[in-house]
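Presented below is the structure to which this report refers.
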Amino acid sequence: MGILHDDVVIINQSKNEAEPSVITINCPDKTGLGCDLCRILLCFGLTIVRGDGKWCYIVFWVIPKPIIKWDTCRWELLKNRLIGTCPSCSSAFGISYYSSELQSSMVTDVFLIKLFCYDRKGLSHDVTAVFSKLELNIKKVKVSTTPVGTVMNLFFVTDTRELLHTKMRQEETYEALVEVMQAAIISCNIEKVGPEVTACSQASPFLSSAITNDVVLRTSNNVSVTMDNSFSPAHTLVQIVCQDHKGLLYDIMRTLKDYNIQISYGRFYLKQGRKCEIDLFITQADGKKIIDPSMQRALSSRLQMELLQPLRVAVVSRGPDTELLVANPVELSSKGRPLVFHDITLALNMLNTCIFLAEIGRHVIGDQEWEVYRVLLDEGTSLSTPRRKIEEGVWKLLMGWEQI
């Protein structure tokens, strides 16, 4: 007998908001499964406070953000998304489970949502919050404010539910926007476009060196990464000690996935003072330990850099204007970090700082592809709020360290 569909993901919801809910996942393994699962939990705004897993059995203890309303429908949607990323349960009996990997590598339809509206404070964040709730993933955006107080928003999105080509889904999107924006909305048009609009380009010479250089900023986080081949006869033990941040497990898992590393067993503990201890028993794609010292050094160095600075944030001068730059690495599978633009707009809204122009693009910086968010701040509000405060406020909210 195979694993029953309902038993692949079991969610035990906590009755006390202060206590974590427990998510149990039981499915065949694949390289990068931990990354894919952690990415979904991050998309849903869940904080992982503990984790334990061995091959096909993974348990997460999670706490939702208090600002997100969790009802039965949202938990059920989370369960369906987790089941969807698990390899086919039939693979445990010799049937290939690579269909999910092949599906993720297929070109996903890109849609342009052209939203014309009157400007107001918090507009960009309200729109991105709607998209997040509808599971519309922003791939690229251009926001332009006119002198007469109107805004043209061009959002290039993909639909997790793959239904945006239908009239019903488009009407659902429009109605959700109207509910939030009310009389501010002037027109909204949704059309399918080619995938080339989200293509990656070489790093622009106009990008600040604070983004393009490997310089670690604004962190007192001490990251320790050690590797030990003596503890297990079949696995390399990786031990990580660091300070917690939003998406910590995702950052570890996506790095290991990019290196094609298989995790056989892992434990994650969040202790007092937000100190984290992670133990991972890993092998290479061929099932062997990591013996090569150069490979060990490369992996350790990459993990340290990704945990010290998973995102780069800078506020710079662009002629007479002030520009906020945020960059995050993209997975080799071309997936970007979830909810970054959502959190940028939330932070700026909390700082009473308005957006005059915004763009999202992909650039090759060094040997990595990065998603770069360029936000030109409104002249009036950018002058009233110190640049350092904007930079630190956005950084801390993205890292989940402190509410502004």
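Residues take their numbers from the sequence shown, with the count starting at 1. Below, each value reflects all heavy atoms present in this structure, side chains not excepted, and no hydrogens, waters or symmetry copies. Computed from a prediction, not measured in an experiment: that's the story for all the values here.
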dist T47:OG1 -> L248:CG (nearest 0.5 Å) comes out at 11.0 Å
Does the plane of the ring in F131 sit parallel, tilted or perpendicular to the ring in F155? Use 30° and 60° as the thresholds. perpendicular
OH (Y118) and CD (Q182) are apart, to the nearest 0.5 Å, by 15.0 Å
Query raised in the report: Is there side-chain contact between D126 and N349, with heavy atoms separated by less than 4.5 Å?
Result: no
Donor-acceptor contact below 3.5 Å, side chain T345 vs main chain F341 = yes
Do E359 and K140 make a side-chain contact, defined as non-hydrogen atoms from C-beta onward lying under 4.5 Å apart? no
So CG of L377 and CD1 of I390: to nearest 0.5 Å the spacing works out to 5.0 Å
Self-check item: Side chains of V127 and I113 in contact at under 4.5 Å (non-hydrogen atoms)
Solution: no
Could you tell me whether the side chain of F60 reaches within less than 4.5 Å of the side chain of L249, counting heavy atoms only?
-> yes
Q) Does a donor on one side chain sit under 3.5 Å from an acceptor on the other, for S334 and R362? A) no
| said: If you define the side chain from C-beta out and look only at heavy atoms, does anything of L325 sit under 4.5 Å from V316? | reply: yes
_Checking the side chain of Q170 only, and the main-chain atoms of L164 only, is there a donor and an acceptor separated by less than 3.5 Å?_
yes
| Note, F44 side chain near R81 side chain (heavy atom, < 4.5 Å) | yes
Closest heavy-atom pair, D279 versus L237, reported as atoms and distance to 0.1 Å, is CB-CD1, 4.2 Å
Counting N and O atoms only, with roles assigned by atom type, does the side chain of S300 sit under 3.5 Å from a partner on the main chain of Q296, one being a donor and the other an acceptor?
-> yes
- Task: Would you mind checking if K271 and E277 are paired as a salt bridge, meaning a charged N to carboxylate O distance below 4.0 Å?
- Result: yes
Query raised in the report: Is there a side-chain contact between M152 and T146, using heavy atoms and a 4.5 Å cut-off?
Result: no
Contacts of R161 meeting side chain to side chain donor-acceptor pair (under 3.5 Å) (sequence neighbours excluded), chain-then-number -> E135
For P20 and V49, the nearest pair of non-hydrogen atoms, with its separation, is CB-CG2, 4.0 Å
Q.
Could you check whether any side-chain N or O of K289 sits under 3.5 Å from a backbone N or O of N229, counting only pairs where one atom can act as donor and the other as acceptor?
A. yes
Closest non-hydrogen atoms of C242 and I278, given as atom of the first, atom of the second and distance, are SG-CD1, 4.4 Å
Looking only at heavy atoms, the pair that brings I25 and C86 closest together is CG2-SG, 3.7 Å
Open item on the list: For a quick check under 3.5 Å, do T31 and Q262 share a side-chain donor-acceptor pair by atom type?
Closed with: yes
Side chain to side chain donor-acceptor pair (under 3.5 Å), that's the test. Do S264 and H235 meet it? Break it down for me.
CA-CA 8 Å; S264 299; H235 303 89; 3.0 Å; yes
**Asked** Any side-chain heavy atom of T85 sitting closer than 4.5 Å to one from R39?
**Response** no
Here the gap from L177 atom CG to I185 atom CD1, rounded to the nearest 0.5 Å, amounts to 5.5 Å
E391 (side chain) donor-acceptor with V315 (main chain) under 3.5 angstrom
yes
#### Entry: N153 (side chain) donor-acceptor with L115 (main chain) under 3.5 angstrom
yes
Any sub-3.5 Å donor-acceptor pair from S224's side-chain atoms to V241's backbone N or O? no
| said: Under a 3.5 Å cutoff, is there a donor and acceptor pairing between the side chains of N16 and S14? | reply: no
Taking every heavy atom of C38 against every heavy atom of M253, the minimum-distance pair comes out as SG-CG, 4.1 Å
All heavy atoms of H342 vs all of S132, minimum pair found to be CD2-CB, 4.5 Å
| query | So, the side chain of R274 versus the backbone of W401: is there a donor-acceptor pair under 3.5 Å, distance only? | reply | no
query = Side chain of T173, backbone of R169: donor and acceptor closer than 3.5 Å?
reply = yes
Check: Is a donor on one side and an acceptor on the other found under 3.5 Å between the side chain of H363 and the backbone of E369?
Finding: no
